[in-house]
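Residues: numbered from 1 along the sequence shown.
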Amino acid sequence: GLRRTKKMDHMSPRLRAFLSEPIGEKDVVWVDGISHELAINLVTKGFNKAYTLLGQFLLMHKNEAEFQKWLICCFGATECEAQESSNCLKEWCTCFL
């Protein structure tokens, strides 16, 4: 389960919702920071599920800077989207790995 931390209180509702349960078969748009437009770009290139995005994050050894650069360069993410989504996946790893 989720190790509830003080930090949880400062999280967006969307991030809290994502962290409240296992990743399962959630679509990629569930990841905090992934807009509808960005999700379409991701799905087009085969990243249709949240766990596929998480897998890429793990392949990059949870390097947030590298992951953000990848999202921006390959999928046209904004800096804000890239930061929010890498933070979301990092927090998920903290909770579940």
Side-chain angles (χ1 to χ4, degrees):
L2 183 62
R3 293 196 295 276
R4 193 176 167 81
T5 60
K6 281 306 288 170
K7 217 162 47 172
M8 285 293 280
D9 302 331
H10 306 296
M11 290 177 179
S12 71
R14 194 174 164 195
L15 179 53
R16 269 208 301 271
F18 188 77
L19 295 178
S20 68
E21 55 193 3
I23 210 162
E25 292 292 318
K26 285 177 181 165
D27 290 325
V28 73
V29 78
W30 272 82
V31 179
D32 192 28
I34 303 293
S35 65
H36 185 67
E37 294 74 30
L38 184 53
I40 290 169
N41 295 345
L42 285 160
V43 169
T44 304
K45 296 194 180 169
F47 292 89
N48 60 325
K49 298 290 186 186
Y51 69 77
T52 58
L53 203 58
L54 175 67
Q56 183 64 39
F57 184 65
L58 295 174
L59 282 173
M60 291 176 163
H61 299 271
K62 300 189 269 192
N63 181 325
E64 286 191 86
E66 193 183 335
F67 181 79
Q68 288 171 21
K69 204 160 59 185
W70 175 77
L71 272 182
I72 292 165
C73 295
C74 299
F75 301 97
T78 65
E79 215 154 294
C80 182
E81 288 171 334
Q83 284 168 358
E84 282 179 6
S85 54
S86 73
N87 180 60
C88 177
L89 295 173
K90 183 193 70 182
E91 293 293 348
W92 191 91
C93 290
T94 303
C95 293
F96 291 99
L97 289 186

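Using a cut-off of 4.0 Å between Lys/Arg side-chain N and Asp/Glu carboxylate O, K26 and E21 are scored as salt-bridged.
For W70, the ring-ring contact (aromatic ring centres under 6.0 Å, His included) criterion is met by F47, F67, F75, not counting sequence neighbours. Applying the side-chain hydrogen bond (donor to acceptor under 3.5 Å, both in side chains) rule to D27 yields the partners K49; only residues at least two apart in sequence or on another chain are considered. For the side-chain hydrogen bond (donor to acceptor under 3.5 Å, both in side chains) test, residues two or more places apart in sequence or in another chain that qualify with Q68 are S86.
Counting only residues at least two apart or on different chains, no salt bridge (charged side-chain N to carboxylate O under 4.0 Å, His left out) pair has a member in residues 28-45. Residue pairs that meet the side chain to side chain donor-acceptor pair (under 3.5 Å) test with at least one member in residues 52-63, sequence neighbours left out, do not exist here. Listed by first and then second residue, the salt bridge (charged side-chain N to carboxylate O under 4.0 Å, His left out) pairs that reach into residues 63-81 are E64-K90, sequence neighbours excluded.
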Practice problem: Begin from the C-alpha positions of I34 and L42 and carry the test side chain to side chain contact (heavy atoms under 4.5 Å, CB included) through to its verdict. | Solution: CA-CA 9 Å; I34 303 293; L42 285 160; 3.9 Å; yes
Exercise. Test V28 against N48 for side chain to side chain contact (heavy atoms under 4.5 Å, CB included), laying out the working first.
Key: CA-CA 5 Å; V28 73; N48 60 325; 5.8 Å; no
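Closest approach of V31 to A50, counting heavy atoms only: CG2-CB, 3.8 Å. Summarising the geometry of I23 relative to L54, their closest heavy-atom pair is CD1-CD2, 3.8 Å, with the distance given to 0.1 Å. In terms of heavy atoms, I40 sits closest to T44 at O-OG1, 2.6 Å. Closest approach of A82 and L71 over heavy atoms only: CA-CD1, 4.0 Å. Residue M11 comes nearest to L19 through the heavy atom pair SD-CD1, 3.6 Å, listed as atom of the first residue, atom of the second, then distance.
By the rule that hydrophobic residues join a cluster once side-chain heavy atoms approach within less than 4.5 Å of another member, F57 and L59 end up as members of separate clusters.
From S35, atom OG reaches atom CG of N41 across 8.0 Å, with rounding to the nearest 0.5 Å. Between W30 atom CH2 and C88 atom SG the span is 11.0 Å, to the nearest 0.5 Å.
A side chain to side chain contact (heavy atoms under 4.5 Å, CB included) with L58 holds for exactly one of L97, L53, L89; it is L97.
In this structure the side chain of I72 never reaches within 4.5 angstrom of the side chain of T78, judged on heavy atoms. You'll find the side chain of L15 reaches within 4.5 Å of the side chain of N87, heavy atoms only.
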